[in-house]
Amino acid sequence: MNVIFQIDGGLGKSIMATAMVKVLRKRYKNAHIIVVTPYSDVFLNNPHINECITPDNMNGAYLKYIKDQDCKIFVEDPYRNTSFLTDKEHLFRTWCKMYGLNYNNEQPELYLTQPEIDYFKPFYQTEKPIMAIQPNGGPIGQGFQYSWTRDIPEPTVNEIIEHYINDYTVIHIKRQDQYVYPNTMQALDGFRSIAILLQLSNKRLLIDSFGQHLAASLGIKSTVCWVTTKPKIFGYKLHHNVLAEPFTKEPQLQNSAYQPFNLAQDISSIPYNDLNEVFDTNKIIESINKQ
């Protein structure tokens with residue numbers, strides 16, 4: 001039997017989907033499992049799948065995997081499911097229910113090789129212990145550097161950097177087009193290199209972006225800050241999750257569709273009077289200190 005599993009969306013979703021292929025392998029033990037994702041390198045060396053292809057290379061899939069063959073095709077997107085849109089349960093449970101699968105607390109897993117660890121490790125050699133931070137997320141070209149719906153505000157990030165800079169080398173996981181924080185190093189490499197950075201780090205401050213999923217896939221406890229997305233849906237018990245403080249202004253929901261907020265919204269719609277109101281910095285520092 002051929003099992004085709006397609007993942008649409010960003011890098012973090014594909015990292016989460018490494019848990020789903022464990023579920024699929026348990027259900028279809030002898031199947032030929034084909035993963036379709038824009039981020040095929042997430043599934044490098046993954047023992048639970050047989051092939052991984054990108055959506056751009058799907059031409060010919062019908063003849064190769066489907067025509068006159070026993071097959072299962074899983075392409076439905078859990079982001080369009082009622083349970084997800086109404087915040088009923090964790091995404092893993094919604095995903096499994098959609099496909100008629102049993103979820104038994106499977107977690108993401110990334111498979112790094114020793115040669116790539118040996119190659120990237122020297123790039124992160126520092127005199128002090130490493131503190132890795134990812135305060136902002138989103139793709140290149142979203143039109144603004146700070147999305148209030150999930151990013152950590154700049155004043156909070158600066159305060160945290162100032163708190164730790166004497167004892168740690170702060171390495172900022174970022175896009176090329178994102179803000180550069182003073183007194184930090186920048187990690188601009190691919191996500192597999194970032195995974196090795198997380199392994200080498202002593203402390204981690206992340207948001208609901210690929211970094212927190214990557215840390216979970218490696219079993220690395222981290223502090224994760226949340227504004228409008230929810231650890232109930234996207235989070236992990238491994239991490240310590242710090243929630244934003246309550247809004248100090250009425251949020252603007254008149255243009256909302258299925259959910260109140262978008263993953264990326266610029267500062268014009270922020271429901272706070274001041275950026276310092278979004279997080280209690282002391283709670284974040286307390287969480288980081290417990291790592």
Side-chain angles (χ1 to χ4, degrees), residues 1-111 191 208-210 212-219 224 229-239 257-259 262-263:
M1 173 188 287
N2 292 325
V3 173
I4 301 174
F5 172 43
Q6 180 162 329
I7 309 141
D8 298 318
L11 173 58
K13 193 174 178 184
S14 280
I15 296 171
M16 293 186 80
T18 61
M20 288 295 298
V21 299
K22 293 182 183 180
V23 181
L24 286 168
R25 179 55 72 193
K26 287 181 181 179
R27 174 65 178 83
Y28 301 102
K29 291 182 173 59
N30 299 314
H32 187 88
I33 296 179
I34 305 105
V35 171
V36 182
T37 171
Y39 301 95
S40 56
D41 45 353
V42 169
F43 292 88
L44 285 174
N45 313 307
N46 193 303
H48 304 293
I49 71 168
N50 300 95
E51 292 183 65
C52 187
I53 56 179
T54 63
D56 293 341
N57 292 320
M58 280 295 286
N59 289 343
Y62 172 72
L63 290 177
K64 187 174 182 180
Y65 305 117
I66 300 171
K67 186 177 186 297
D68 300 326
Q69 299 183 62
D70 185 15
C71 69
K72 292 276 187 181
I73 303 172
F74 299 104
V75 296
E76 296 89 350
D77 190 341
Y79 284 10
R80 298 188 178 95
N81 187 274
T82 298
S83 292
F84 172 78
L85 293 169
T86 55
D87 296 338
K88 294 295 184 185
E89 60 193 356
H90 198 281
L91 182 67
F92 288 144
R93 296 194 179 278
T94 299
W95 224 334
C96 286
K97 286 180 181 178
M98 284 175 53
Y99 293 160
L101 302 169
N102 294 321
Y103 180 64
N104 291 302
N105 200 39
E106 288 82 1
Q107 298 295 298
E109 194 164 3
L110 188 73
Y111 295 87
F191 79 91
D208 179 27
S209 188
F210 80 87
Q212 72 115 358
H213 300 296
L214 201 55
S217 76
L218 299 167
V224 183
T229 56
K230 298 177 175 62
K232 172 185 174 182
I233 310 300
F234 293 108
Y236 303 92
K237 293 180 179 179
L238 169 70
H239 297 327
Y258 292 109
Q259 292 187 298
N262 296 323
L263 196 56

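As the structure is a computational prediction, the values presented were derived from the model and not from experiment. Side chains included, hydrogens not; waters and symmetry mates left out as well; all remaining heavy atoms used.
In this structure, S83 and N81 approach most closely via the heavy-atom pair N-OD1, 2.9 Å. Listed here is the closest heavy atom pair of M20 and C96: SD-SG, 3.8 Å. Between R25 and A31, the shortest heavy-atom distance links the atoms NH1-O, 2.8 Å. Of all heavy-atom pairs between W95 and E76, the closest is NE1-O, 4.4 Å. The minimum heavy-atom distance linking I15 with F210 is given by the pair CD1-O, 4.0 Å. Here the shortest heavy-atom pairing between L110 and F191 reads CD1-CE1, 3.9 Å.
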(request) Go through E109 and T18 one step at a time and tell me if the side chain to side chain donor-acceptor pair (under 3.5 Å) criterion holds. (result) CA-CA 6 Å; E109 194 164 3; T18 61; over 6 Å; no
(message) Quick one, K13 with Y79, criterion side-chain contact (heavy atoms from CB on, under 4.5 Å). Give me CA distance, side-chain angles, the key distance, then yes/no.
(response) CA-CA 10 Å; K13 193 174 178 184; Y79 284 10; 3.8 Å; yes
(message) Please evaluate residues F5 and F74 with respect to the criterion ring-ring contact (aromatic ring centres under 6.0 Å, His included), reporting the C-alpha separation (whole Å), side-chain torsions for both, the decisive distance (0.1 Å), and the verdict.
(response) CA-CA 5 Å; F5 172 43; F74 299 104; 7.3 Å; no
(request) Show your working on side-chain contact (heavy atoms from CB on, under 4.5 Å) between Y65 and M58 and close with a plain yes or no. (result) CA-CA 10 Å; Y65 305 117; M58 280 295 286; 5.9 Å; no
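Here the straight-line distance linking atom CD1 of I4 with atom NE2 of H32 works out to 9.5 Å at 0.5 Å rounding. The structure places NZ of K72 at 14.0 Å from CD1 of I34, a figure rounded to the nearest 0.5 Å. Here Q259 contributes atom CD and F84 contributes atom CZ; the two are 5.0 Å apart, rounded to the nearest 0.5 Å. Interatomic distance, OH of Y103 versus NZ of K26, reported as 9.5 Å (0.5 Å rounding). Taken from OH in Y28 to CG in L101, the straight-line distance is 6.0 Å, to the nearest 0.5 Å.
Judged purely by atom type and a 3.5 angstrom limit, R80 has no side-chain atom pairing as donor or acceptor with the backbone of L85. N50 places a side-chain N or O within 3.5 Å of a backbone atom of I33 that can act as its donor or acceptor partner. Between the side chain of Q212 and the main chain of F234, a donor-acceptor pair closer than 3.5 Å is present. With hydrogens and angles ignored, the 3.5 Å screen pairs a side-chain donor or acceptor of K22 with a backbone N or O of Q107. Between the D208 side chain and the T229 main chain, no donor and acceptor come within less than 3.5 Å of each other.
Under the salt bridge (charged side-chain N to carboxylate O under 4.0 Å, His left out) criterion, the residue pairs touching residues 42-54 are E51-K64, with sequence neighbours excluded.
At least one side-chain heavy atom of F92 sits under 4.5 Å from a side-chain heavy atom of P108. Between N30 and M1, the closest side-chain pair of non-hydrogen atoms is not below 4.5 Å.
Here the options are K232, K97, K230, the test is salt bridge (charged side-chain N to carboxylate O under 4.0 Å, His left out), and the partner is E89; only K97 passes.
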Show which side-chain atoms of residues 35-44 pair as donor or acceptor with protein atoms under 3.5 Å away, not counting sequence neighbours.
unit_1: T37; atom_1: OG1; unit_2: S14; atom_2: OG; d: 2.7
unit_1: T37; atom_1: OG1; unit_2: Y39; atom_2: N; d: 3.0

